[in-house]
Structure formats: structure tokens, C-alpha cells
Amino acid sequence: MNSKTLNINIMGREFYVACPDEEREDIQLAAAYLDRKIQEIKAEGKVVDSDRIAIVAALSITHELLMLRNGTGFDMDEFKRRIVSLKKKIDDVMIKKES
């Protein structure tokens with residue numbers, strides 16, 4: 001299992017994360033999902049402090065995870081569509097960076 005550094009962007013900041021090659025895509029999807037949640041919270045305008053925004057986003061994602069584990073209130077098909085959409089957005093950004 002080779003571990004390499006992965007560059008991810010969350011809240012407009014770059015982070016370098018060590019992760020195994022086989023987990024790179026999953027980590028990128030998770031980072032994109034987290035960043036999207038953060039942007040949604042910022043857009044609502046109810047929370048303005050960056051630390052609080054990150055905590056509210058983490059709480060929201062944790063709640064989604066717990067609903068998934070409990071099998072309540074979670075639309076798996078919608079989740080899959082969102083993952084595909086996020087992957088496409090990441091691919092588009094990666095293509096633009098390579099150009």
C-alpha cells in the first residue's frame with residue numbers, strides 16, 4: 001500500500017493529505033462534498049465564523065451518516081447522483097488545471 005500526498009481544497013485553503021493510492025478518489029470526493037456543505041452554510045448567511053461553519057458542516061455530514069447507518073430518512077439514489085455530480089465537477093476542475 002503506497003501512500004502519497006494528495007492536494008485538496010476546502011474553504012479556499014489548500015491542504016495536503018497523505019493517503020493510499022487506492023483511497024485518493026474517495027478522499028477527493030469527501031473533500032468536495034465537505035466543501036460543498038461549507039459553501040451551502042456560508043450562502044445561508046446564518047453562520048459567518050469559519051470555525052463555526054466547518055463545525056456545522058461536520059455536524060450535518062455526521063447526521064447524514066448516522067441516518068444512513070440507521071436506515072432512516074436517507075435516499076441512497078440521491079446520494080449516488082450527488083457523488084456522480086461531485087466527481088464530474090472534480091474531473092472538470094482537474095482537466096482545467098492540466099490545460
Gap between atom NZ of K42 and atom CG of D35 - 0.5 Å precision: 8.5 Å
Tell me the closest heavy-atom pair linking A57 and L34, and the distance in Å. CB-CD1, 4.0 Å
So, the side chain of S85 versus the backbone of R81: is there a donor-acceptor pair under 3.5 Å, distance only? no
Report the distance from atom CG of L29 to atom CD of E23, rounding to the nearest 0.5 Å. 12.5 Å
Taking only Lys NZ, Arg NE, NH1 and NH2, and the carboxylate oxygens of Asp or Glu, determine whether E64 and K37 approach each other closer than 4.0 Å. yes
With heavy-atom distances below 4.5 Å as the criterion, would you say the side chains of R36 and R82 are in contact? yes
Minimum heavy-atom distance M11-Q39, with the two atoms named: CA-NE2, 4.4 Å
Same apolar cluster: Y33 and I83, side chain cutoff 4.5 Å: yes
Looking at every heavy atom in both I53 and V48, which two are closest together, and how far apart are they? CD1-O, 3.8 Å
Give, for atom CG of L6 and atom CD of E25, the distance between the pair rounded to the nearest 0.5 Å. 11.0 Å
For residues A32 and I90, report the shortest heavy-atom separation together with the two atoms involved. CB-CD1, 3.4 Å
State yes or no: do I61 and F15 share one hydrophobic cluster built from I, L, V, M, F, W and Y residues joined by side-chain heavy-atom distances below 4.5 Å, directly or via other members? yes
Assess the residue pair E14 and I8 against the criterion (side-chain contact (heavy atoms from CB on, under 4.5 Å)); give the C-alpha distance rounded to whole Å, side-chain angles, the decisive distance to 0.1 Å, and a yes or no. CA-CA 6 Å; E14 284 189 306; I8 58 174; over 6 Å; no
So, do R24 and C19 sit near enough that their side-chain heavy atoms are less than 4.5 Å apart? yes
Determine which pairs satisfy side chain to side chain donor-acceptor pair (under 3.5 Å) with at least one residue from residues 46-55, sequence neighbours left out, and list them in order. none
